K.L.:
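The following block contains the structure, expressed as structure tokens.
None of these values were measured; they are calculated from a predicted model. Hydrogens, waters and symmetry mates play no part in the numbers below; they use all other heavy atoms, side chains included. Convention: sequence-line order gives letters A, B, ...; per-chain numbering from 1.
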Amino acid sequence: MSKQIKAVALISGGLDSMLAVRAMQDQGIHIEGINFFTGFCVEGHTHAIRKQDQNKQKRNNALWVAEQLGIKLHIIDVIEEYKDVLINPKHGYGANMNPCLDCKTFMVRKAMEWIKENEFDFIITGEVVGQRPMSQRKDTMQIVVKESGAGGLLVRPLCAQNLAPTLPEQEGWIDREKMLGFNGRSRKPQIALAEEYGFTDFAQPAGGCCFLTDESYSKKLVDLWQVQGHKEYEFDDIMLLKVGRHIRPSPLYKLIVGREEGENRFMEGYRNRFDYFFNSSHPGPLVLMDGQLNTPEDIELAARVVARFGQGRDAEQVTVTYTPLQGDPQSITVKPFTADEMPKEWYI
Amino acid sequence: MSTPQQTLDVRGHLCPIPVIRTQNHAKKLAAGDILEVLCTDPGVTSDIPAWCRINGHSVISIETRDGVIVVTIMIGNES
Ligand code: SF4
């Protein structure tokens, strides 16, 4: 009996990897999925934090895709290792702080390690030539093949007919003729194939699979790096960039203002790590302070910002409680800033 | 009811971290072992069962005790 050929698929939770897996299953390949958690994934976290997202979607898309396909999914924590990818991307960043090309290379390299350890035969991804400006061009897709060390073991079933034959094709494990020749930005071929396979209700992320493609998230990340003077980061730092309005009245500190209940609840967990404020005379959000407030004037200014986001924003006076990490809470009565008094540059 | 052999505490962590920790911990267990996972992110009530379904484990119960979500699972044969 011939040996069962096994491949691992990079599963992001989107439609393309789902189609790629199904196409390979049709060729009798045993597939398992692998999903890398970098800390920036749109999955999970934020759904739990923000109520509005929670209504929209509770499921983890990667798990959902695996279940639809009937495959196992291995979720791998790469938070630590990913730092080097984001901090020093050899090929730079995309439109925002997304290091897509280095990221893809990193993931394929990790998948190579995985197939060696688990005795799988090759790797598949849902990439399509020309689909994305940075990481899915014919030349850059070749860079991933080379720099990841995957060589002929990386198969992209959705556009394989437009690429050079890979080892599994040459060995006859899979039939090149039965693979696809998608190319370009159009999503129509994928949608048509999804229909053919009977897939409905799949996720179609617009920009990419992570927060680094998001403009406002990227701005906050750059601000963090500028202020601290280096690019190192901790998991909590990047988590907090996902929540709240970030307001920086001074290079010395920023205020993170909860936008709704879910965020306030999430931020409460950080009260033992940051100074924090809340409106005590009126209802209002929790506000974390990241940095240093050195003078009573700094504290007063911060309190006026805090008051601006409470329900007392139109009142003459609002009492705000400031709780420093070290020292006793203090009450400050201030006049809230008006919208016009808050310079636009303060909003990160 | 079976008593949990092991307890995994992932309180304070948001998904997918509870799922990742459960997955990694499950590798050390044998088929039939009962694992109790203590969580605070409500996302686990859909993610851990989904993870169990695709990996051949079963969810025995999901209950909330003093604000802590306790997901009890039984390890399947395939892990
Ligand atoms: S969108 Fe994010 S996760 Fe996807 S390839 Fe780019 S950097 Fe990596």
Side-chain angles (χ1 to χ4, degrees), chain A residues 11 13 21 31-51 53-55 57-79 117-118 235-236 238-240 242-243 262-263 265-273, chain B residues 8-33 35 37-79:
Chain A
I11 300 288
V21 170
I31 312 267
E32 296 191 13
I34 190 167
N35 173 261
F36 295 105
F37 182 59
T38 62
F40 297 96
C41 310
V42 181
E43 286 305 332
H45 283 108
T46 32
H47 303 156
I49 302 169
R50 298 204 68 188
K51 239 203 290 164
D53 288 334
Q54 213 170 30
N55 292 340
Q57 186 185 58
K58 272 200 186 102
R59 73 182 190 208
N60 174 304
N61 280 318
L63 286 168
W64 181 82
V65 161
E67 193 171 9
Q68 300 305 303
L69 294 163
I71 62 172
K72 283 193 179 181
L73 181 74
H74 310 274
I75 310 180
I76 302 188
D77 171 350
V78 291
I79 296 169
E117 273 164 35
N118 294 279
F235 183 63
D236 276 341
I238 62 170
M239 280 304 298
L240 275 173
K242 294 180 187 175
V243 293
E263 290 193 336
R265 221 177 311 118
F266 173 75
M267 285 163 53
E268 273 173 22
Y270 288 86
R271 282 183 310 181
N272 56 357
R273 285 198 42 205
Chain B
L8 177 67
D9 185 356
V10 288
R11 285 176 296 176
H13 292 284
L14 297 175
C15 283
I17 290 176
V19 182
I20 298 177
R21 299 264 172 96
T22 305
Q23 159 196 277
N24 296 349
H25 196 89
K27 289 194 186 126
K28 298 179 224 154
L29 302 176
D33 283 356
L35 173 67
V37 191
L38 311 181
C39 318
T40 41
D41 177 2
V44 299
T45 59
S46 70
D47 288 0
I48 294 184
W51 173 81
C52 283
R53 285 194 300 274
I54 62 180
N55 290 292
H57 310 300
S58 34
V59 176
I60 295 176
S61 63
I62 300 178
E63 15 174 56
T64 305
R65 295 184 210 145
D66 300 329
V68 176
I69 305 163
V70 184
V71 185
T72 307
I73 65 174
M74 189 201 283
I75 304 300
N77 282 324
E78 299 171 51
S79 65

K.L.:
Nearest heavy-atom pair of A:Glu67 and B:Ala50: which atoms, and what distance?
P.N.:
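Minimum heavy-atom contact is OE1-CB, 4.3 Å.
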K.L.:
Are the side chains of A:Lys72 and B:Asn55 in touch, meaning some heavy atoms are under 4.5 Å apart?
P.N.:
yes
K.L.:
For A:Val65, what residues pass the side-chain contact (heavy atoms from CB on, under 4.5 Å) criterion, not counting sequence neighbours?
P.N.:
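Here the qualifying residues are A:Ile11, A:Met18, A:Leu69.
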K.L.:
Pair B:Ile54, A:Trp64 - check side-chain contact (heavy atoms from CB on, under 4.5 Å), show working.
P.N.:
CA-CA 9 Å; B:Ile54 62 180; A:Trp64 181 82; over 6 Å; no
K.L.:
The criterion is side chain to side chain donor-acceptor pair (under 3.5 Å); which residues satisfy it with A:Asp236, sequence neighbours excluded?
P.N.:
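Partners of A:Asp236 by the side chain to side chain donor-acceptor pair (under 3.5 Å) criterion, ordered by chain and then number, come out as A:Tyr270, A:Arg273.
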K.L.:
Nearest 0.5 Å please: distance from the OG1 atom of B:Thr40 over to the CZ atom of A:Phe266.
P.N.:
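Output value for this atom pair is 10.5 Å.
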K.L.:
Output the distance between atom NE2 (A:His74) and atom CG (B:Asn24), rounded to the nearest 0.5 Å.
P.N.:
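Going from NE2 on A:His74 over to CG on B:Asn24, the span is 11.5 Å.
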K.L.:
How many angstroms lie between atom CG of A:Asn35 and atom CD1 of B:Ile20, to the nearest 0.5 angstrom?
P.N.:
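Rounded to the nearest 0.5 Å, the CG-CD1 separation comes to 8.0 Å.
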K.L.:
Under the 3.5 angstrom rule, does the side chain of B:Gln23 hit a backbone N or O of A:Ile75 as a donor-acceptor pair?
P.N.:
yes
K.L.:
Calculate, to the nearest 0.5 Å, the distance between atoms CG and CG belonging to B:Asp47 and A:Leu63 respectively.
P.N.:
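Going from CG on B:Asp47 over to CG on A:Leu63, the span is 5.5 Å.
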K.L.:
About how many Å separate SG of B:Cys15 and CZ of A:Phe37, when rounded to the nearest 0.5 Å?
P.N.:
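Result: 9.5 Å between the selected atoms.
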